[in-house]
Amino acid sequence: MLRNLTGFVKKLPRFVREQPNLMSSARHFCSPASEATFETKPYKLHNLESGPSTTVTVTRDDALRYYRLMQTIRRMETAAGNLYKEKIIRGFCHLYSGQEACAVGMDGGIRRNDSVITAYRAHGWCFLRGVPVIGVLSELTGKYTGCAKGKGGSMHMYAPHFYGGNGIVGAQVPLGAGIALHHKYMESDQICVTLYGDGAANQGQIFEAYNIAKLWDLPVVFVCENNGYGMGTSVERASASTDYYRRGDYVPGIWVDGMDVLAVREATRYAAEWCRSGKGPMLMEVVTYRYSGHSMSDPGTSYRTREEIQEVRATRDPIVSFKERLISSQLASAEELKTIDGEIRKEVDDAVKAAKAAPEPPVSEMYDHVYTNPDPHFKVRGCDPSIMVVGK
């Protein structure tokens, strides 16, 4: 009843609503809801009799955390784009703007010790797996304070249980199957989430990975992030079949609305439990959209219209729609979310300044971080064994 008090007050005559004591009392008693329940778009299923529930419940704490994470990734990617235009970031740079609900939802559906491996659109995932904003932006700018000491750049970032950012199209998929094989061999209950894009979905090595994963019932969730376009062309022009969730043949699959963070979280929980129970791999197609071009060298408007991008921003943006859900369900107020936005803006702005001011890695460390435990008689030129961190 108290939850609906504000709406009741709004229906009162104006002279009553303008009484300060009444309005302050309404605001006082309308405390935030502790949780809320929503309906997602129906999932499409392949080789499954039942799938995730379309009725999802989220607590206030989790909802605010998802909102903060998505907004941080969005602002961080905007900052990265600006740094690239200033020529402070050089080389390749692939932004994740528009796809935030995919990574945040998946991260919310797995455990902290589960493994994740993805392609080169990896900044958001690196942040979610524990690297602070300054660590991501410093790596992008090639600075010593970066998560790979400035040596990896945009496409080669790593964190605990996060195996990168991989630059070769589709190559991370068999690597993900290998990580899952390790988990099964060690008899742990960990799984590996292996991501790739619709542009990589036609790579032969991906189907080889499906096959071996199913033969050996590996605990791997194959995730196709279908953002509608590969490098310069639409999925319809690149694939005879665009039902990517069905492409695993004997591997069961789920189609998910990737613009809904709660739908992604629910589907990921379902897939993770499937793998953890020993049933083998699962394939998820997460349908999303990227606002930027494929990379910074791609304007992204030669094969799609600006009107299409604007329409998605206006009607399907994952952050805006989630914000509206939070407010309408009284999980949070507009003022509270505005405060969070301000905190994120300051965090990212401070990280940009720090990344610009940070030192570059010294030339003397060019050959370091090659082996973890090298034979003392095996000399890598210029290498200091005391600071080697990368696995053999």
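Under the 4.5 Å side-chain heavy-atom criterion for Ile, Leu, Val, Met, Phe, Trp and Tyr, Leu64 and Val133 are members of the same hydrophobic cluster.
Sorted by first and then second residue, the side chain to side chain donor-acceptor pair (under 3.5 Å) pairs involving residues 156-167 (not counting sequence neighbours) form an empty list.
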### Task
In sequence, state the C-alpha distance, the side-chain angles, and the governing distance for Tyr196 and Thr118, and then conclude on side-chain hydrogen bond (donor to acceptor under 3.5 Å, both in side chains).
CA-CA 6 Å; Tyr196 57 97; Thr118 188; over 6 Å; no
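Nearest heavy atom pair, residue Asp249 against residue Asn47, reads O-ND2, 2.9 Å. Counting all heavy atoms, side chain and backbone alike, Val220 lies closest to Cys275 at O-SG, 3.6 Å.
A donor-acceptor pair is defined here as one N or O able to donate and one able to accept, closer than 3.5 Å; such a pair exists between the side chain of Glu285 and the backbone of Tyr245. In this structure, Lys143 contributes its side chain and Lys356 its backbone to a donor-acceptor pair below 3.5 Å.
None of Arg325, Lys41, Arg265 except one satisfies the salt bridge (Lys or Arg N to Asp or Glu O under 4.0 Å) rule with Asp260; the exception is Arg325.
One finds a salt bridge joining Arg276 and Asp114 here, because a Lys/Arg side-chain nitrogen approaches an Asp/Glu carboxylate oxygen to under 4.0 Å.
Applying the side chain to side chain donor-acceptor pair (under 3.5 Å) rule to Arg129 yields the partners Asp107; only residues at least two apart in sequence or on another chain are considered. In this structure, the ring-ring contact (aromatic ring centres under 6.0 Å, His included) partners of Phe207, at least two apart in sequence or on a different chain, are Tyr210.
Thr339 and Glu343 form no side-chain donor-acceptor contact under 3.5 Å, judged by distance and modelled atom types alone. Residues Tyr67 and Gln71 bring a donor and an acceptor atom of their side chains to less than 3.5 Å of each other.
For the pair Arg121 and Ser154, the minimum side-chain heavy-atom distance is 4.5 Å or more. Looking only at side-chain heavy atoms (C-beta outward), Leu128 and Val104 come within less than 4.5 Å of each other. Between Arg65 and Leu69 the shortest side-chain heavy-atom distance falls below 4.5 Å.
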